[in-house]
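In what follows, chains are A, B, ... by sequence order, proteins preceding strands, each numbered from 1. Nothing here was measured: the structure is a model prediction, and the numbers come from that model.
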Protein chains: 2
Amino acid sequence: MTTKKSSATREKILETALRLFRKRGFERTTMRDVAKAAGVAVGAAYYYFPSKDALVMAYYERTQANHTTLAREKMSAATSLDGRLRAVLHTKIDTIERDRKLLSALFRSAGDPASELSIFAGKTRRVRDESIALFREALAAEKLPAELESALALALWSLSMGIVLFFIHDESPNHEKTRRLVDRSVETLAPMMPMAPMLAPLGTSVLGVLREVGLA
Amino acid sequence: MTTKKSSATREKILETALRLFRKRGFERTTMRDVAKAAGVAVGAAYYYFPSKDALVMAYYERTQANHTTLAREKMSAATSLDGRLRAVLHTKIDTIERDRKLLSALFRSAGDPASELSIFAGKTRRVRDESIALFREALAAEKLPAELESALALALWSLSMGIVLFFIHDESPNHEKTRRLVDRSVETLAPMMPMAPMLAPLGTSVLGVLREVGLA
DNA sequence: GTCTATAACATGATAGAC
DNA sequence: GTCTATCATGTTATAGAC
């Protein structure tokens, strides 16, 4: 049973860790630093978070929940596909704006089959599906064939991963390069939607490949 | 000046490291293991390779050189776009087939701005450009508009990165899932080439975005 | 079950002797 | 150029207190 005291301790440790990761970066923050700043023993930190990566996983879940809320809010105010895509992508950047130094830790393990943070790992699946669902919602009003909608939602999610990767490396003031990448991407893609039904066989085909190899 | 003795030592260390990485994986091979098996002190290994990642970088350069040779060889025997794309992608997998355990180390640092192995780092640029050039060669006979050819070569390179990422996680016997992913991807894309000129504005547009943010 | 305090261990990396 | 000694840090272990 999770007591109030216990979850308060857990929260304290997570908050402290994220604060230090943001300030000094993931690598340069040690578990000893986190424990000390949170006012607990090293053992307590490991009692709640079995590894340093587990703290990143907790961040990943929390930040996705924030993004979902914020994106839905902004999407409901938009009146076009263009506006909805912009809403999802810009709120994504809003959500992670302060966290450049932290995010590289997430991507570091994304390709590692052994890591729980792997892009294919079961642990990350719920969060990933929640993110893909947002793009599906942005597309919903277009009334596309189901297969095509799924394929496009997946493609847009892939694009968003690429944009986040770019954001991590973006040193421009106010991340204006990333903001521009979002705007130009939407400008390029949204006007193509009328052509989308023509691409329906492609959508089916792509999904077919992904299903065949177990990716969708 | 690089003496014969020195480069022999360097080579011995690299060979030994790759052999151990292949056998036991990157994480589970320590620098102490490498030094011991190569018959040198830990300090000597660090003298030639300033970090464990530097050994991976050396692998990356070497394996790309192998891929370039092999892909050109197979491409020259192919008579269609379909065949040339298959040649480039399958030889890529041929080249890294034994190295699943090693490759995750490469991807691990790909998203980290601080790493020399970053996908945006200057150190990796030559290797990346060499790889993109292969896709350009596969497309050359199609006589596409220059901008479109560049955009497609970049897109195909991105696809190949995705395929390598999938390969790292592919536990199927003989990596048949990856081989199937290659074949189905080519089957899906090659027949669309006749439509490509229609997409020329898209190609220009995409390249425009990438240039604007400094990615191409 | 929730912690503290401390030590120990493995390993990437470095300093300084030779 | 090469080696030995040493450090820093993720993680585990020990031994308990409440």
* Got a sec, which residues hit side-chain contact (heavy atoms from CB on, under 4.5 Å) with A:Leu189, two or more places apart in sequence or on another chain? -> A:Leu156, A:Leu159
* To do: Determine whether more than 12 heavy atoms belonging to other residues, nucleotides or ligands lie under 6.0 Å from atom CD of A:Glu149.
  => yes
* Structure fact -> note: B:Tyr46, atom OH; D:dC7, atom P; distance rounded to Å ~ 17 Å
* Nearest-angstrom distance from the residue atom NZ of B:Lys12 to C1' of D:dT2 -> 15 Å
* Contact list for DNA chain D against residues 49-56 of chain A - heavy-atom distance below 4.0 Å -> A:Ser51, A:Lys52
* B:Tyr47 side chain N/O closer than 4.0 Å to the phosphate oxygens (OP1, OP2) of D:dT2? -> no
* Asked: Separation of A:Arg10 atom CZ from C:dG1 atom C1', in whole Å?
  -> 16 Å
* To do: Would you please name every residue forming a side-chain contact (heavy atoms from CB on, under 4.5 Å) with B:Thr63, sequence neighbours left out?
  => B:Tyr59, B:Thr95, B:Ile96
* Integer-rounded Å distance: D:dT9 P and A:Lys36 NZ -> 12 Å
* To do: Check each residue of residues 21-34 of chain B for a non-hydrogen atom within less than 4.0 Å of any atom in DNA chain C, then write out the ones that pass by number, or none.
  => B:Thr29, B:Thr30, B:Met31, B:Arg32
* Where at least one partner belongs to residues 30-49 of chain A, residue pairs that pass salt bridge (charged side-chain N to carboxylate O under 4.0 Å, His left out), sequence neighbours excluded -> A:Arg24-A:Asp33
* Decide if atom CD of B:Glu137 counts as having more than 12 heavy atoms of other residues, nucleotides or ligands within a radius under 6.0 Å. => yes
* With A:Lys92, which residues qualify under side-chain contact (heavy atoms from CB on, under 4.5 Å), at least two apart? -> A:Gln64, A:His67, A:Val164
* Structure fact -> Rounded to whole Å, CD of A:Glu11 lies from C1' of C:dT2 at a distance of 17 Å
* To do: Whole angstrom is fine here: how far is it from CZ in B:Arg108 over to P in C:dG12?
  => 10 Å
* Sequence-distant partners of A:Ser109, side-chain contact (heavy atoms from CB on, under 4.5 Å), two or more places apart -> A:Asp53, A:Ser115, A:Leu117
* Asked: Do any pairs count as a salt bridge (charged side-chain N to carboxylate O under 4.0 Å, His left out) and have a residue in residues 55-65 of chain A, sequence neighbours left out, and if so which ones?
  -> A:Glu11-A:Arg62, A:Glu15-A:Arg62
* With sequence neighbours left out, write down each residue that passes side-chain hydrogen bond (donor to acceptor under 3.5 Å, both in side chains) with B:Asp94, or none if nothing qualifies. => B:Arg179
* B:Tyr48 OH to D:dC3 P, straight-line distance once rounded to whole Å -> 10 Å
